[in-house]
Amino acid sequence: MTVKIPLIRVLPLVVAGALLAGCATAPASQGVNDPLEPMNRAVHGVNKGLDRAVVRPASKAYAAVVPEPLRQGVSNVADVLELPGDIANGLLQGRIDRAATNTLRLAANLTLGLGGLLDFASAAGMPEYKTDFGETLAVWGVGEGPYVELPLAGPSTARDAVGTVVDLAMNPLNGLFEGDDRTAAMGVAVLSRLNDRAKYSGTIDSILYESADSYVQARLLYLQNRRFALGGGDAAGDEGGDAFIDPYEDSNGQ
């Protein structure tokens, strides 16, 4: 089956992405760079409204109706579908060992994991290296640029926003799924996100609905965690590299 997005169409996106995010090329970012705050706050308000009206109720219904083992199986399949992108970005970053490990994970979970329903690779002690084109740009020396909040996708930066677009464009699975198969793959991804929303509802609700300023809180946590994950060290506005806070670590056990 032929791939629908040939490399010649992907390369301009990669180059354009690097140029766009490259306007902020710099050492590891510190503090908060948010010149678009008025627009970002407006988008945050829309995202928060969608969460309140659609995403949170849907996640609760999903968790109430579907047993946890089945929900986890769907999330495992979603993780498998993301592995080809992780492998591609690992190669672009020059991290051949990580790309190789993710390739082994893909093979193990597709076969011994019954098509991805079971996470056989993790049970066997095989690590997973999650990555994206935003990290690839960071490895290439592109600065993070200003903070942005994207519709539906949420907190991001200029570099990571470009990375998201490129990840979608160069996804190796684009040429494999058509019609009902593509719809099913999208459905699996959506259900996986709903499962995450339900699993970490206590922490997410505290950020969105219990903090004094949910926009500032979400922005701070995103920048802290992203910089920590990319090895940037300093959290937003803090000295040292020990200020990592995981918003998905639910202290209430919810």
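The first residue in the sequence is number 1, and the count goes up from there.
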Salt-bridge present (Asp132, Arg159; N to O < 4.0 Å)
no
Under a single-linkage definition using a 4.5 Å side-chain heavy-atom cutoff for Ile, Leu, Val, Met, Phe, Trp and Tyr, are Val77 and Leu112 assigned to the same hydrophobic cluster?
no
Flag yes if more than 12 heavy atoms outside Met186 fall under 6.0 Å of its CE atom; otherwise flag no.
no
Under a single-linkage definition using a 4.5 Å side-chain heavy-atom cutoff for Ile, Leu, Val, Met, Phe, Trp and Tyr, are Val148 and Val46 assigned to the same hydrophobic cluster?
no
Heavy-atom pair with the smallest gap, counting every atom of Thr111 and Ala107
OG1-O, 2.7 Å
Are the side chains of Phe133 and Asp160 in contact, using a 4.5 Å heavy-atom criterion?
no
Which pair of non-hydrogen atoms, one from Leu81 and one from Pro84, has the smallest distance, and what is that distance?
O-CD, 3.4 Å
N-O pairing of Arg227 and Glu135 below 4.0 Å:
no
Side chains of Tyr222 and Ser156, heavy atoms from C-beta outward: is any pair under 4.5 Å?
yes
Rounded to the nearest 0.5 Å, what's the gap from CG on Leu50 to CZ on Arg52? Could you check?
11.5 Å
Output, in order, the C-alpha distance, side-chain angles, deciding distance and verdict of side-chain contact (heavy atoms from CB on, under 4.5 Å) for Gln72 and Asn76.
CA-CA 6 Å; Gln72 186 58 53; Asn76 289 343; 3.0 Å; yes
Give the minimum heavy-atom separation between Glu149 and Pro155, together with the two atoms involved.
CG-N, 4.2 Å
Which pairs would a plain distance check flag for residues 59-67, meaning a side-chain donor or acceptor within less than 3.5 Å of a matching protein atom at least two apart in sequence or in another chain?
unit_1	atom_1	unit_2	atom_2	d
Ser59	OG	Val55	O	3.4
Ser59	OG	Arg56	O	2.8

Output the distance between atom CG (Leu220) and atom OH (Tyr147), rounded to the nearest 0.5 Å.
10.0 Å
Is there a path of hydrophobic side-chain contacts, each under 4.5 Å between heavy atoms of I/L/V/M/F/W/Y residues, joining Leu92 to Val142?
yes
Please enumerate all residues that pass side-chain hydrogen bond (donor to acceptor under 3.5 Å, both in side chains) together with Tyr129, with sequence neighbours excluded.
none
To the nearest 0.5 Å, tell me how far Asp79 CG sits from Leu106 CG.
11.5 Å
Contact between Thr157 and Leu223 at the side-chain level, heavy atoms closer than 4.5 Å - yes or no?
yes
Do the side chains of Arg197 and Arg193 get nearer than 4.5 Å, heavy atoms only?
no
Between Arg226 and Glu144, does any side-chain N to carboxylate O distance fall below 4.0 Å?
no
Same cluster (ILVMFWY, side-chain, under 4.5 Å), Trp140 and Val162:
yes
What I'd like to find out is whether the side chain of Asn89 reaches to under 4.5 Å of the side chain of Arg95, using heavy atoms alone.
no
Okay, side chain of Ser211, backbone of Ile207: is any donor-acceptor separation there less than 3.5 Å?
yes
Does any non-hydrogen side-chain atom of Leu150 lie less than 4.5 Å from one of Val43?
no
Non-hydrogen side-chain atoms of Glu128 and Asn102 separated by less than 4.5 Å:
yes
Heavy-atom nearest pair, Pro57 first then Ala53, reads CG-O, 3.6 Å
Please report the shortest heavy-atom distance between Ala58 and Leu194, naming the atom on each side.
CB-CD2, 4.1 Å
Do the charged groups of Glu37 and Arg219 touch, with an N to O distance under 4.0 Å?
yes
Side-chain touch Val74/Asn195, heavy atoms, less than 4.5 angstrom:
no
Would you indicate whether Asp180, at its atom CG, is surrounded by more than 12 heavy atoms from other residues, nucleotides or ligands within a distance under 6.0 Å?
no
Are the side chain of Ser75 and the backbone N or O of Arg71 linked by a donor-acceptor pair below 3.5 Å?
yes
Rounded to the nearest 0.5 Å, what separates atom CG in Asp34 from atom CZ in Arg41?
8.0 Å
Whether the side chain of Ser192 engages the backbone of Ala189 through a donor-acceptor N/O pair (distance < 3.5 Å, no angle test) should be reported.
no
Please output the side-chain donor-acceptor pairs of residues 116-126 that fall under 3.5 Å, not counting sequence neighbours, one pair per line with the distance.
unit_1	atom_1	unit_2	atom_2	d
Asp119	OD1	Arg105	NH2	3.1
Asp119	OD1	Asn109	ND2	3.3
Asp119	OD1	Ser122	N	3.2
Asp119	OD1	Ser122	OG	3.2
Asp119	OD2	Ser122	OG	2.6
Ser122	OG	Arg105	NH1	3.2
Ser122	OG	Arg105	NH2	3.3

d(Glu82 CD, Asp86 CG) to nearest 0.5 Å is 6.5 Å
Cluster check Val80, Val188: I/L/V/M/F/W/Y, side chain < 4.5 angstrom:
no
dist Thr101:OG1 -> Ile87:CD1 (nearest 0.5 Å) comes out at 10.0 Å
